[in-house]
Amino acid sequence: MSAPNIETIVSLAKRRGFVYPSSEIYGGLGSSWDYGPMGIELYNNVKQAWWRWMVYERDDIEGLDSSIILNRLVWKYSGHEDTFSDPLVDCKECNSRFRADKLEQEYRIENNIPWSVAFVPPAPFDDIKCRNCGEINWTDERPFNLMFRTHVGATAEDDPDALVYLRPETAQGIFINFLNVLNTSRRKLPFGVAQIGKSFRNEVTPGNFIFRTREFEQMEMEYFVKPGEDESAHQEWIDACNQWFQSIGISQANLRLYEQPKEELAHYAKRTVDIQYRFFPERKEEERQWDELMGIANRTDFDLKTHSKKPEDAEGKRLNPDSTEDLSYFDEQTKQRFYPYVIEPAAGVNRTVLALLMDAYSEKTNDKGETRVILKLHHSMAPIKVAVLPLAKNKPEIVGMAKAIKRSLQPVLRAVYDDTGGIGKLYARQDEIGTPFCVTVDHQSLEDEAVTVRDRDSWEQERVKVADLATHLRQRFVLEPGQ
Ligand code: GAP
């Protein structure tokens, strides 16, 4: 079977309650999505797995949850007010609006032009056709700041003193709490601070389902190291993150590392390596099939310095008279004071959910020649771990036994009881949402106190005594790193 494209996943996601278009009854809201009963379980499994791996299983990472709305000065000194923008161009023929950098990137890939070959502006826009109408008639490029603006308090909408932003990354909430965490946790370098939370970007061209949205959730960790130890720590985190995606069930063949060229680097980054996933397998050019799942950046000492009261910058640049703290670190051993370097693994929850759905999607033909969808999610990611199904819903003894089994499993595993259809339909539904095991209670169960355990991937069935069921399932489950 060829790899599914995003459209196949959109349809499965809606049909089975993973993801719905948001505000649908009012005509929707461009590129906004709501997570349904199955979606939220998968979503939470991703976050729990990441938190467990990042915070619980290591000894050098603390957790944090900072505010979404921060003092505006945070974004002034972080550089986001000045530089967190996308270059825009409009087609003068049809008024479609595009990100100039994305158009250029696609043009380079289609025409095999490496980044080392520089264009003289306005080229290549003399050659790029509008993706909408096919004409070549562009406006000049101009920056568009991606931060969402709002106002705090009961004040006039245009009061500049009340202007604040919804955070475009969770990272800054960590930097401004560096001293708080350092002092309360009594940490020494190297150590990290992890945070999971919503971020907001007024994206110019959102789209591709949950791949790029204006509201999304990030899993970020800032790892503070001594200057000079940053490059090796960076490499370690690149390898570890790549491994982590595989540990939650994403196949290695659909992951690759991408070294960001200098032209793409964010204003704070010395080096950034992206972990890309093959989100667009249907695209002709191999290079365009891949896109970012997570970024792992070496942010140097940029952030701690820029937020410090007295940054030691010989030229007086980035001088910060507004901050009340110096975010430097004193090394007791060497008796030196310096600004730690920061390695930042930053992943998107939504893109991870999309990659998991795409990677797990498979089709299988049953003995009647019908094609069935099976979502072969890693057991730890599956929204439901076990479904308990009665073969006859009009037989109270069978229903009672099935419900009792569901209740007995629930404390250990996410289990559901379902009697809303014939057994074939119930199995098909559980396969499509990725439930690893179905437990069926039939007439014989009343006699022999045994049930049938059906495996999602092989469709093989095994008879198991009810008394042994929990142990049997525990042995067959591969739950790390999710639960
Ligand atoms: N603090 C660094 C930072 O925010 P980023 O590469 O801009 O880096 C990190 O974002 C991750 O957040 C991305 O790899 C992606 O998974 C996710 N992400 C960023 N923008 C997104 C969007 N508009 N929609 C969905 N996910 C997004």
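Remember, it's 1-based here, ligands and their atoms both numbered in the order they're listed.
- In summary, E203 and K102 do not engage in a salt bridge, as defined by a charged side-chain N under 4.0 Å from a carboxylate O.
- In this structure, the protein non-hydrogen atom closest to atom 12 (O) of ligand 1 is Q218 NE2, 3.3 Å.
- Judged by the shortest distance from any of its heavy atoms, N350 lies outside the 4.0 Å radius around the atoms of ligand 1.
- A salt bridge links E24 to K14: one of the charged nitrogens lies within less than 4.0 Å of a carboxylate oxygen.
- Of the protein's heavy atoms, L293 O, 2.8 Å lies nearest to atom 16 (O) of ligand 1.
- For R299, the heavy-atom gap to ligand 1 drops under 4.0 angstrom.
- Ligand 1 lies nowhere less than 4.0 angstrom from a heavy atom belonging to Y277.
- At least one donor-acceptor pair closer than 3.5 Å links the side chain of N350 to the backbone N or O of E217.
- Among all non-hydrogen protein atoms, the one lying nearest atom 14 (O) of ligand 1 is E292 OE2, 2.6 Å.
- Considering each of F211, Y268, F84, the one bringing a non-hydrogen atom nearest atom 25 (C) of ligand 1 is F211.
- Protein heavy atom in closest approach to atom 1 (N) of ligand 1: E220 OE2, 2.4 Å.
- No N or O atom of F216 sits closer than 3.5 Å to an N or O atom of ligand 1.
- The heavy atom nearest to atom 4 (O) of ligand 1, considering only E344, M294, R201, R167, is found in R201.
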